Structure formats: C-alpha cells, structure tokens
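Report on the structure given below.
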Amino acid sequence: MGNLKVTMTDVDGLTRTFDDVAEGTTLLELGKLHGVAGIMGDCGGACACATCHIYVGEGWSDKVGKPDDIEFAMLDMVADVMKDNSRLGCQVRMSPELDGLEVTVAPASEY
Ligand code: FES
C-alpha cells in the first residue's frame, strides 16, 4: 500500500479515485486490481497487446512523458482510437511526481 493518488475513468464513464497507490505500480496493475472496466492487459504488461490503452488527463502529459518506439508501434496498431495523449497503462509506472494523476481508459479498437 502506498499513498499516491490516481483518478481513473473507466470505459463506461465511471470515475473512481484510488489514494493508496504504491510507487512503482503500473496503471495496468492498478486497473486490474480494482476491476476497472476496459483495462484488459492481455499480454500481461509486456507492451505487446495495447489492451491497457489509456488517455492521459489534461495537463499531465509532460509529467507522464511520451511512449518510446516500441510502445508507439503498439499504439499504432490501435490507431483508430489513438490520440496525442495515448499511453499503454502497463508502461506508466507511478512515482511521486505523478501523484494526483488522472487517466481515462480508451475504448477498444475496431481493428
Ligand atoms: S498489457 Fe499488453 S500492452 Fe500493456
């Protein structure tokens, strides 16, 4: 148990705030732990499926950072729902500077 805060809106539009998130936890792990709708994580967090796709909340993109080339290639597979603020939840790890982060689970790709 940690003390970082994350607000997640699931794919159905339900928003929940978790305030006991441990440093080092990925957004995939957090979403799975709480059964957040739309976070699947089919590949187990290996950056190989894009079913953990989330949108980073407004104002957080600089702190969260951009996807690396491998992650970008995965996001490109779901380009129909990809946005500028897209990230893979399994590749975003909580740190003190992300305390208070807001994210929204992306809808499934139609591909
Ligand atoms: S869980 Fe598969 S890419 Fe994140």
Side-chain angles (χ1 to χ4, degrees):
M1 284 291 149
N3 60 358
L4 302 175
K5 190 166 116 177
V6 179
T7 299
M8 254 189 200
T9 301
D10 75 13
V11 76
D12 300 323
L14 175 73
T15 299
R16 283 193 284 166
T17 298
F18 309 109
D19 59 8
D20 57 357
V21 183
E23 185 170 352
T25 304
T26 67
L27 297 180
L28 168 68
E29 289 162 350
L30 181 67
K32 294 287 275 183
L33 181 67
H34 294 282
V36 173
I39 290 246
M40 313 304 287
D42 286 352
C43 75
C47 196
C49 72
T51 63
C52 61
H53 181 191
I54 53 106
Y55 302 129
V56 175
E58 219 182 310
W60 285 99
S61 282
D62 284 353
K63 281 193 177 146
V64 173
K66 289 281 172 201
D68 65 16
D69 289 353
I70 295 170
E71 184 180 338
F72 190 85
M74 280 319 305
L75 285 167
D76 206 40
M77 310 268 288
V78 294
D80 60 330
V81 288
M82 184 185 173
K83 297 185 185 176
D84 283 349
N85 57 345
S86 284
R87 289 294 312 264
L88 293 179
C90 66
Q91 303 300 307
V92 177
R93 218 168 260 289
M94 284 305 293
S95 63
E97 56 292 340
L98 296 185
D99 186 24
L101 179 64
E102 293 172 20
V103 298
T104 300
V105 178
S109 169
E110 297 294 327
Y111 285 164

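Note that this is a predicted model, so its numbers are computed, not measured. Each ligand, and each atom within it, is numbered from 1 in the order the structure gives.
Close contacts between ligand 1 and G41 involve ligand atoms 1 (S) [criterion: under 4.0 Å to a heavy atom]. Near C43, meaning under 4.0 Å from any of its heavy atoms, are these atoms of ligand 1: 1 (S), 2 (Fe), 3 (S). Distances below 4.0 Å separate heavy atoms of G45 from the following atoms of ligand 1: 1 (S). Under a 4.0 Å criterion applied to the non-hydrogen atoms of L28, ligand 1 contributes the atoms 1 (S).
The local environment of CG in D68 is crowded, with over 12 non-hydrogen atoms from other residues, nucleotides or ligands closer than 6.0 Å. Within 6.0 Å of CG on L33 lie more than 12 heavy atoms contributed by other residues, nucleotides or ligands.
Put simply, part of C47 is less than 4.0 Å from ligand 1, judged by heavy atoms. In this structure, T51 does not count as a contact residue of ligand 1, since none of its heavy atoms falls inside 4.0 Å of the ligand.
Connection of I39 to V21 is established within a shared hydrophobic cluster, with ILVMFWY side chains joined at heavy-atom distances below 4.5 Å, either directly or through further cluster members.
When distances to atom 4 (Fe) of ligand 1 are checked against a cut-off of 2.8 Å, C49 contributes no N, O or S atom below that limit. In summary, no N, O or S atom of H53 is located under 2.8 Å from atom 4 (Fe) of ligand 1. Residue contact annotation: C52 places no N/O/S atom under 2.8 Å from atom 2 (Fe) of ligand 1.
Side chains of L27 and L101 form a contact here, defined as non-hydrogen atoms less than 4.5 Å apart. In this structure the side chain of L88 reaches within 4.5 angstrom of the side chain of C47, judged on heavy atoms.
Considering all non-hydrogen atoms of both residues, M74 and C49 come closest at CE-N, 3.5 Å. Here the closest non-hydrogen pair linking V81 and S86 is O-OG, 4.3 Å.
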